[in-house]
Amino acid sequence: MISGTETEDKIMLEVLNHPLITHKLTQMRRKDTGTKDFREHLDEIAELMAYEVCRDLPVKPVEIETPLAACTGYELSKEVVIVPILRAGIGLLDGIRRLVPTAKVGFIGLYRDEETLEPHEYFAKFPKNLDEAIVMVVDPMLATGGSAIDAITMVKARGAKNIKLVCLVGAPEGVKALQAAHPDVDIYLAALDDHLNENGYIVPGLGDAGDRIFGTK
């Protein structure tokens with residue numbers, strides 16, 4: 001089941017309320033879930049989300065031969081580029097690539113100033129021809145929206161035109177900020193949570209996704 005909000009007849013936000021996604025996300029939210037299980041659930045959710053995110057990918061007709069006859073089939077007509085925001089975005093990468101194994105991968109490194117909450121770039125590497133590709137910017141959390149806004153600005157500066165933001169959990173504040181800055185970008189979430197706390201963390205959320213993925217805290 002998908003819930004969405006529309007702007008000018010275009011769905012800009014989709015919350016993927018699939019039972020399996022909800023079940024796995026609940027396990028991730030538990031504070032006593034360890035690194036191994038947290039990472040595995042995230043990987044599985046990413047693959048489930050990718051099925052819905054890829055639902056409208058463009059295709060082109062191709063003539064093929066089956067063992068019995070000639071027929072017209074369909075193949076993807078555009079390349080897919082996955083751009084995880086380092087470091088936590090890496091947790092979504094393998095699940096999406098299992099569904100789209102031909103996808104190319106770019107990387108954006110941003111860190112958040114703990115006092116100002118502003119993102120800062122420290123690394124960027126992208127495939128060529130972003131202007132012709134479907135670009136999926138991925139990060140587990142959409143909190144203030146600052147990192148996602150900057151990351152999308154960066155891929156647009158390199159020519160990307162068709163961009164999707166894929167996140168696990170989002171806050172209304174981050175969604176609003178992202179839509180204001182990039183109204184042409186579709187947002188896909190596994191859950192839309194209640195609010196941000198005074199430290200910029202999503203509530204109820206699931207804590208620091210990067211730390212929980214990599215066991216660094």
Side-chain angles (χ1 to χ4, degrees), residues 1-8 10-35 37-39 41-42 44-46 48-49 52-53 83-92 108 110-120 136-153 163-214 216-217:
M1 177 175 150
I2 300 174
S3 63
T5 59
E6 296 188 8
T7 301
E8 295 181 355
K10 177 179 174 60
I11 294 179
M12 302 304 298
L13 170 65
E14 292 190 358
V15 181
L16 308 178
N17 295 317
H18 189 285
L20 289 177
I21 292 176
T22 301
H23 169 80
K24 294 174 187 299
L25 179 57
T26 298
Q27 310 314 308
M28 293 180 67
R29 289 188 191 272
R30 296 180 187 273
K31 64 180 181 181
D32 55 351
T33 297
T35 298
D37 289 338
F38 188 92
R39 188 168 55 241
H41 286 309
L42 177 59
E44 292 164 356
I45 290 174
L48 290 167
M49 291 185 71
E52 295 295 346
V53 174
V83 181
I85 300 176
L86 301 176
R87 63 182 167 151
I90 292 176
L92 292 160
I108 296 177
L110 300 169
Y111 70 90
R112 186 175 67 172
D113 187 299
E114 293 185 358
E115 293 184 0
T116 66
L117 304 182
E118 290 298 316
H120 300 273
M136 299 182 190
V137 177
V138 302
D139 195 13
M141 314 300 284
L142 178 60
T144 64
S147 294
I149 289 169
D150 275 21
I152 291 169
T153 298
I163 304 168
K164 301 173 183 285
L165 177 67
V166 183
C167 299
L168 189 67
V169 178
E173 296 92 332
V175 170
K176 183 178 180 180
L178 195 288
Q179 289 180 325
H182 297 291
D184 56 329
V185 173
D186 288 338
I187 305 168
Y188 296 84
L189 302 175
L192 180 62
D193 277 11
D194 189 65
H195 67 280
L196 296 179
N197 67 14
E198 64 276 8
N199 296 316
Y201 282 91
I202 300 172
V203 179
L206 45 74
D208 187 304
D211 284 338
R212 297 192 70 186
I213 291 167
F214 298 107
T216 48
K217 185 177 286 188

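Since the model is a prediction, treat every value here as computed from it, not as a measurement.
Heavy-atom minimum distance, S147 versus I85: O-CD1, 4.1 Å. When every heavy atom of I21 is checked against every heavy atom of M49, the shortest pair comes out as CD1-CG, 4.0 Å. The nearest pair of heavy atoms linking A46 to L92 is CB-O, 3.5 Å.
The one candidate from V166, L192, L142 that meets the side chain to side chain contact (heavy atoms under 4.5 Å, CB included) condition with I187 is L142.
The SG atom of C167 lies 8.0 Å from the CD1 atom of I202; values are rounded to the nearest 0.5 Å. A distance of 10.0 Å separates OH of Y188 from CG of L13, quoted to the nearest 0.5 Å.
In terms of the side-chain contact (heavy atoms from CB on, under 4.5 Å) criterion, residue partners of A191 (sequence neighbours excluded) are, by chain and number, L25, R29, D193. Looking at residues two or more places apart in sequence or on another chain, you find no side chain to side chain donor-acceptor pair (under 3.5 Å) involving E173. In this structure, T22 has no side chain to side chain donor-acceptor pair (under 3.5 Å) partners at least two apart in sequence or on a different chain. Residues that satisfy the side chain to side chain donor-acceptor pair (under 3.5 Å) test with D211, not counting sequence neighbours, are R87, T216. With sequence neighbours excluded, the residues that form a side chain to side chain donor-acceptor pair (under 3.5 Å) with K24 are E44. Listed by chain and number, the residues in a salt bridge (charged side-chain N to carboxylate O under 4.0 Å, His left out) with R39 amount to none (sequence neighbours excluded).
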